[in-house]
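In what follows, a structure is listed as structure tokens, so that the remarks can point back to it.
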Amino acid sequence: MSYIRHKAEESLEDYLETILILSSRLSVVRSVDVATELNFSKPSVSVAVKNLKNRGYITVSEEGYLSLTEDGRKIAESVYERHTLLTDWLVHLGVDPIIAAGDACKMEHDITPESYEAMKKCILSVLGRG
């Protein structure tokens with residue numbers, strides 16, 4: 001996969017994850033909420049929302065409320081699980097929580113499913129959750 005395509009997929013995953021997180025905190029999620037959360041411009045988020053909608057990952061109501069489709073939710077939950085597990089692991093290793101969250105965000109997109117599942121098993125065991 002080319003670098004540009006990889007970065008585009010990473011961005012898509014970040015948007016979906018953000019919509020998932022916001023939907024747990026807010027009664028409705030709008031593009032402006034996503035823009036504020038990610039500190040992105042409203043026009044950039046508008047383009048991303050159109051792309052996510054065209055790919056079938058979200059729906060947008062007449063009022064402008066964003067909702068994840070089943071496919072979008074699967075991706076978002078997978079990315080969020082990776083993010084939280086990797087963050088917890090790095091914090092457990094002594095990394096500052098803010099740095100750990102940033103590093104986990106980078107790692108969550110690049111690890112293969114096979115490697116992630118192996119790491120997950122080990123991490124959950126070390127953290128006493130497995």
Side-chain angles (χ1 to χ4, degrees):
M1 179 183 306
S2 75
Y3 177 78
I4 292 172
R5 181 178 165 134
H6 175 73
K7 285 297 181 187
E9 291 300 310
E10 193 174 304
S11 176
L12 176 143
E13 291 174 350
D14 285 339
Y15 277 105
L16 293 172
E17 180 184 24
T18 299
I19 293 168
L20 176 72
I21 292 166
L22 288 172
S23 68
S24 71
R25 292 195 323 231
L26 306 172
S27 57
V28 293
V29 178
R30 301 164 299 148
S31 293
V32 67
D33 302 317
V34 175
T36 300
E37 185 76 12
L38 294 173
N39 199 27
F40 290 170
S41 71
K42 291 176 191 171
S44 294
V45 173
S46 179
V47 169
V49 164
K50 183 177 179 182
N51 183 28
L52 292 169
K53 183 179 174 189
N54 289 341
R55 292 181 71 170
Y57 294 135
I58 64 168
T59 59
V60 182
S61 72
E62 287 183 19
E63 299 84 4
Y65 303 149
L66 311 179
S67 299
L68 295 167
T69 63
E70 186 177 332
D71 287 343
R73 180 168 296 282
K74 284 179 186 174
I75 294 168
E77 287 175 347
S78 173
V79 173
Y80 185 67
E81 175 192 297
R82 288 175 180 222
H83 182 88
T84 55
L85 183 73
L86 293 168
T87 299
D88 290 351
W89 178 53
L90 292 169
V91 169
H92 176 79
L93 294 175
V95 177
D96 176 90
I98 299 208
I99 293 171
D103 287 345
C105 191
K106 296 170 194 166
M107 296 164 62
E108 71 197 25
H109 302 289
D110 290 331
I111 192 168
T112 64
E114 180 181 5
S115 293
Y116 173 72
E117 287 303 318
M119 286 177 63
K120 177 180 172 182
K121 184 177 178 182
C122 179
I123 291 168
L124 290 175
S125 174
V126 169
L127 297 178
R129 298 185 206 160

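Keep in mind it's a predicted model, so treat the numbers as computed, not measured.
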(message) Taking side-chain contact (heavy atoms from CB on, under 4.5 Å) as the criterion, tell me which of Leu52, Val34, Leu22 meets it with Leu66.
(response) Val34
(request) Give me the one residue out of Asp14, Thr18, Leu12 that meets side-chain contact (heavy atoms from CB on, under 4.5 Å) with Leu16. (result) Leu12
(request) In plain terms, say whether Arg25 and Glu37 are close enough for a salt bridge, that is, a side-chain N and a carboxylate O under 4.0 Å apart. (result) yes
(message) Between Lys121 and Glu117, does any side-chain N to carboxylate O distance fall below 4.0 Å?
(response) no
Heavy-atom side-chain proximity of [X] to [Y] below 4.5 angstrom:
| X | Y | answer |
| --- | --- | --- |
| Thr87 | Val95 | no |
| Leu93 | Trp89 | yes |
| His109 | Ser11 | no |
| Arg82 | Ser78 | yes |

(message) Taking Met107 as the starting point, is it possible to reach Val91 by hopping between hydrophobic residues whose side chains are less than 4.5 Å apart?
(response) no
(message) With no hydrogens and no angle check, just 3.5 Å: does a side-chain donor-acceptor pair link Glu63 and Ser61?
(response) yes
To the nearest 0.5 Å, what is the distance between [atom1] on [X] and [atom2] on [Y]?
| X | Y | atom1 | atom2 | value |
| --- | --- | --- | --- | --- |
| Asp33 | Tyr65 | CG | OH | 10.0 Å |
| Leu85 | Tyr116 | CG | OH | 4.5 Å |
| Glu13 | Glu108 | CD | CD | 7.5 Å |

(request) Check the pair Glu10 / Asp110 against side-chain contact (heavy atoms from CB on, under 4.5 Å), numbers first and verdict last. (result) CA-CA 9 Å; Glu10 193 174 304; Asp110 290 331; 4.3 Å; yes
